[in-house]
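These numbers were taken from a predicted model, which means no experiment stands behind them.
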Amino acid sequence: MYKLLLVSDSEEVLSAFNQIGNWELQGFKPPHIRHDYDGMLDSLSKHHADGIAISVSPDVEEAILQYLQKEYPVTSIFKAGKTPEEVLVYLNELKVLLNRLYADFSNDRSPVLQERLAKCRHEFFRNLMNGKVSTPDELFRNMRLLRSRMDADRPCLMIELRTEWAEGNKLEDLWDYGEDQLEKALINSFGGDYNGMHILPTIHPDGRILVLACPVHGIEIPLSADDMTASMTGYIAKAIQHLELYQGLTLHIAGIRVLPALTALCSEIV
């Protein structure tokens with residue numbers, strides 16, 4: 001049974017959770033319930049939590065999120081529903097993810113959990129770039145579940161890379177290692193954090209190589225869209241030179257889109 005923590009001072013949310021009659025049937029133990037930041041600290045010091053729901057004032061929520069990012073960066077945060085029906089929907093989303101994360105490994109969980117969470121996060125953002133995420137609410141829910149550090153409300157970049165493979169030839173004719181290994185090479189070369197932004201290279205079923213570059217939540221970037229584009233262009237261009245020199249793969253930047261926010265990629269908005 002998965003273990004939960006609800007941090008809420010909302011009567012509506014507390015009532016919705018209290019109306020869930022059989023938590024074990026849903027795959028969870030009844031949640032520990034606290035009402036504020038100090039209560040959250042007390043609960044986590046005494047009880048393990050596989051998922052945490054938060055429904056408090058914005059300033060308290062931000063303080064809780066900052067603490068969780070520092071001390072519990074891989075613990076999933078699920079949305080706190082306001083009706084029993086919503087609670088069950090969000091619990092099911094959490095359970096699907098937890099079943100993937102915790103399947104078939106021992107008590108030494110941390111490294112494996114981090115790797116599996118990163119893989120799930122990568123898959124989700126690939127789906128987002130392919131128009132498979134419908135609404136901003138779906139985007140925000142999944143970003144919290146997957147503990148993404150990207151800020152979905154700020155301008156970001158979508159960068160397309162090209163190689164001869166993307167123009168009609170097969171990748172295996174140009175590079176010996178295949179799509180998965182190419183994606184790993186791109187991630188190792190320039191994925192991760194740079195200059196206050198998180199960079200996520202992805203390879204798509206139609207052959208596109210797309211790189212998402214988005215500001216990290218809580219880090220101010222005093223750059224205009226043009227400055228941000230120039231910074232990322234220079235950084236990725238150097239990584240491409242390294243790939244060609246050491247991996248024998250020729251890439252070039254084919255285009256850059258400045259998006260007003262990650263939410264612009266949701267299919268019901270695009």
Joint cluster assignment, Leu44 & Leu65, ILVMFWY side-chain distance < 4.5 Å: yes
Shared hydrophobic cluster, Leu4 / Leu117 (ILVMFWY, side-chain heavy atoms < 4.5 Å): yes
Common cluster, Met40/Ile33, ILVMFWY with side-chain heavy-atom separation under 4.5 Å: no
Counterpart residues, salt bridge (charged side-chain N to carboxylate O under 4.0 Å, His left out), relative to Glu12 (two or more places apart): none
Distance-only polar pair, side chains of His252 and Thr250, donor-acceptor under 3.5 Å: no
Rounded distance [0.5 Å steps], CG in Leu157 versus CG in Leu212: 8.5 Å
Under 3.5 Å: donor-acceptor pair, side chain of Asn188, backbone of Lys184: yes
Plane angle bin for Tyr235 and Tyr194 - parallel if under 30°, tilted between 30 and 60°, otherwise perpendicular: parallel
Thr229 side chain to Ala225 backbone, donor-acceptor under 3.5 Å: yes
Working for side chain to side chain contact (heavy atoms under 4.5 Å, CB included), residues Ile240 and Leu161: CA-CA 10 Å; Ile240 287 175; Leu161 305 182; 4.1 Å; yes
Arg100/Glu123 salt bridge by N-O under 4.0 Å criterion: yes
Residues that Lys46 engages under side-chain hydrogen bond (donor to acceptor under 3.5 Å, both in side chains), provided they are two or more places apart: Asp42
Considering all heavy atoms, the nearest Ala53-Phe17 contact: CB-CZ, 4.3 Å
Point-to-point distance, once rounded to the nearest 0.5 Å, from CG of Leu200 to CE of Met150: 5.5 Å
Within one Ile-Leu-Val-Met-Phe-Trp-Tyr cluster: Leu6 and Val56, side-chain cutoff 4.5 Å: no
Nearest-0.5 Å distance that lies between atom CG in Leu259 and atom SG in Cys156: 4.5 Å
For Asp151 against Val216, the heavy-atom pair lying closest together: CB-C, 4.3 Å
Spacing of Leu91 atom CG and Tyr2 atom OH [to the nearest 0.5 Å]: 12.5 Å
Path from Met232 to Val258 over hydrophobic side-chain contacts below 4.5 Å: yes
Non-hydrogen atoms of Phe125 and Ser148 that approach each other most closely: CZ-OG, 3.5 Å
Donor on one side chain, acceptor on other, Ser15 and Gln19, under 3.5 Å: yes
Donor-acceptor side-chain pairing of His35 and Asp9 below 3.5 angstrom: no
Set of residues satisfying salt bridge (charged side-chain N to carboxylate O under 4.0 Å, His left out) with respect to Arg126, sequence neighbours excluded: Glu183
Side chains of residues 66-78: which donor-acceptor partners sit under 3.5 Å, not counting sequence neighbours?
unit_1: Gln66; atom_1: NE2; unit_2: Glu62; atom_2: OE2; d: 3.4
unit_1: Ser76; atom_1: OG; unit_2: Leu145; atom_2: O; d: 2.9

Listed once per pair and sorted, the salt bridge (Lys or Arg N to Asp or Glu O under 4.0 Å) pairs that draw on residues 221-247, sequence neighbours left out: none
Selection residues 75-96 - residue pairs positive for salt bridge (Lys or Arg N to Asp or Glu O under 4.0 Å), sequence neighbours left out: Lys79-Asp137, Glu93-Arg141
Working for salt bridge (Lys or Arg N to Asp or Glu O under 4.0 Å), residues Glu138 and Arg144: CA-CA 10 Å; Glu138 182 183 354; Arg144 284 202 171 182; over 6 Å; no
